[in-house]
Amino acid sequence: QKLGADGLVLSSVGDDEYGKEILELLNTKNLPSELIQITNRPTGTVDVILNKNGIPQYTIHEDVAWDFIQFNEQVLKNVTEADIVCFGSLAQRNKMSRMTIEQVINNCDPQSLVVFDINLRQEYYSLEVVEKALQLCNVLKLNEEELPVVSRLLGLSASNEEDQIQQLIERYNLKLVAFTKGESGSLLVTPDERSSLPTPRVEVKDTVGAGDSFTASMVIGFANGETLEQLHRNAVELSAFVCTQDGAMPEY
């Protein structure tokens, strides 16, 4: 939203205090909440512990509202107008939300950017979910912990990271792959070019939201036709700033 897009969140919360708090927070951030469904299941909660390097470790509680996101007429109306759709793997741990995500993507404009931001958490992923998502997307974002898992799941033959990414682009006809490596930098690859940048040295408060801000900046830059180097630099600088702030959505 801050980068000029009209952002909409599709999810579900419970009719409880946590759900009300989330809706109020979205309101303070000027984020529309009309696609947030309210159910009688509890709002999803995650226990987060930061290690000594500020890297979050998660315990994600199950059978919660966002496991049961429904596809309806209001969702359909909005997704047919979407230029960009971003989804992950964690939200697909339950069949209902997984089917909703697939319906969303199947009803998008064929020219839309469909971004699969892999988020492998605990045991909530499988070959079936990852491969189906790769078939649905045209932009992929993953990090240095996720690429080896994806490579093993898919049986990629390449032995190094860049060749594995090239295999993913060719196998799934991807327009863009973003590979982030924490303090070791990041790599963006398209079928025709690549950009590699170091990670800025900053005083880290926490890393929550850094990857999402990187993805948001990168994808909006890509949609706007920026050069790969420029959109990469913007994404790196924004995610580095978020690391210096508390929380996932700092003001800037």
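Excluded from the calculations below are hydrogen atoms, water molecules and symmetry mates; all remaining heavy atoms, backbone and side chain alike, are included. Position 1 is the first residue of the sequence; numbering continues from there.
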Looking only at atom types and distance, does a side-chain atom of Ser213 sit under 3.5 Å from a main-chain N or O of Gly209, one as donor and one as acceptor? yes
When you measure from the side chain of Ser12 to the backbone N and O of Trp66, does any donor-acceptor pair fall under 3.5 Å? no
Shared hydrophobic cluster for Leu142 and Leu134 (ILVMFWY, side-chain gaps under 4.5 Å): yes
Could you go through Val149 and Arg152, starting from their C-alpha distance and side-chain angles, then the distance that decides it, and tell me whether this counts as side-chain contact (heavy atoms from CB on, under 4.5 Å)? CA-CA 5 Å; Val149 177; Arg152 175 178 54 79; 3.7 Å; yes
Side chains of Glu34 and Leu8 in contact at under 4.5 Å (non-hydrogen atoms): yes
Are the side chain of Thr39 and the backbone N or O of Arg41 linked by a donor-acceptor pair below 3.5 Å? yes
Side-chain touch Lys181/Asn143, heavy atoms, less than 4.5 angstrom: no
Using a strict 4.0 Å threshold on nitrogen-to-oxygen distance, state whether Glu123 and Arg93 make a salt bridge. no
Look at the side chain of Asn119 and the backbone N and O of Leu90, then say whether any donor-acceptor pair between them is shorter than 3.5 Å. yes
Hydrophobic cluster membership, with links at side-chain heavy-atom distances under 4.5 Å among I/L/V/M/F/W/Y: are Ile169 and Leu153 in one? yes
Is there a donor-acceptor pair under 3.5 Å between the side chain of Thr190 and the backbone N or O of Lys175? no
If I compare all heavy atoms of Glu102 with all of Leu136, which pair ends up nearest, and what's the gap? CG-CD1, 3.8 Å
Quick one: name the residues clustered hydrophobically with Leu25, using the 4.5 Å side-chain heavy-atom rule over I, L, V, M, F, W, Y, and just say none if it's on its own. Val9, Val13, Ile22, Leu23, Leu26, Leu31, Ile36, Ile38, Met249
For Lys2, the salt bridge (Lys or Arg N to Asp or Glu O under 4.0 Å) test, sequence neighbours excluded, returns Glu251
With the threshold set at 4.0 Å, does a side-chain nitrogen-carboxylate oxygen contact exist between Glu81 and Lys77? yes
Look at the side chain of Ser97 and the backbone N and O of Ile69, then say whether any donor-acceptor pair between them is shorter than 3.5 Å. yes
Residues that, via side-chain heavy atoms closer than 4.5 angstrom, fall in one hydrophobic cluster with Met96: Phe68
Side chains of Ser157 and Gln167: any donor to acceptor distance under 3.5 Å? yes
Any side-chain to backbone donor/acceptor pair from Thr244 onto Glu203? Under 3.5 Å, distance only. no
Out of curiosity, does Phe214 fall in the hydrophobic cluster containing Leu187 (side-chain heavy atoms, cut-off under 4.5 Å, transitive links)? no
Applying side chain to side chain donor-acceptor pair (under 3.5 Å) to Gln70 and not counting sequence neighbours gives none
Do Leu127 and Leu154 pass the side-chain contact (heavy atoms from CB on, under 4.5 Å) test, and can you show the C-alpha distance, the side-chain angles, and the key distance before you say yes or no? CA-CA 7 Å; Leu127 170 60; Leu154 299 174; 3.7 Å; yes
Is Asp67 reaching over with its side chain to a backbone N or O of Lys95, donor-acceptor style, under 3.5 angstrom? no
Within a 6.0 Å radius of atom CZ on Arg233, are there more than 12 heavy atoms belonging to other residues, nucleotides or ligands? no
For Glu193 and Val189, indicate whether the former's side chain and the latter's backbone hold a donor-acceptor pair under 3.5 Å. no
Does Gln230 reach the main-chain N or O of Thr227 with its side chain, forming a donor-acceptor pair under 3.5 Å? no
Return the minimal non-hydrogen interatomic distance between Gly19 and Asp16, and the atom names on each side. N-OD1, 2.8 Å
From the list Asn234, Asn224, Val219, Leu238, side-chain contact (heavy atoms from CB on, under 4.5 Å) with Leu3 holds only for Leu238
Quick one: ring pair (Phe, Tyr, Trp, His ring centres under 6.0 Å) pairs with a partner in residues 74-127, sequence neighbours left out? Phe87-Phe116
Answer yes or no: does atom CD of Glu183 have more than 12 heavy-atom neighbours from other residues, nucleotides or ligands under 6.0 Å? no
On a heavy-atom basis, the closest approach of Glu144 and Pro148 is O-CD, 3.1 Å
Let me check something: do Ile105 and Leu174 share a hydrophobic cluster, defined by ILVMFWY side-chain heavy atoms less than 4.5 Å apart, either directly or through other members? yes
Answer yes or no: does atom CD of Glu229 have more than 12 heavy-atom neighbours from other residues, nucleotides or ligands under 6.0 Å? no
Looking at every non-hydrogen atom in both residues, tell me the closest pair between Ser112 and Asn138 and how far apart they are. O-ND2, 3.1 Å
Can you check whether Val75 reaches Val104 side chain to side chain, under 4.5 Å on heavy atoms? yes
State whether the number of non-hydrogen atoms from other residues, nucleotides or ligands found under 6.0 Å of Glu128 atom CD is greater than 12. no
Would you say Met218 and Val236 are hydrophobically clustered, going by side-chain heavy atoms of ILVMFWY under 4.5 Å? yes
Residues passing the side chain to side chain donor-acceptor pair (under 3.5 Å) test with Asp47, sequence neighbours excluded, are His61
Regarding Tyr172 and Glu131, is there a side-chain donor-to-acceptor distance under 3.5 Å anywhere? yes
Euclidean distance, Ser89 OG relative to Lys132 NZ, rounded to 0.5 Å: 15.5 Å
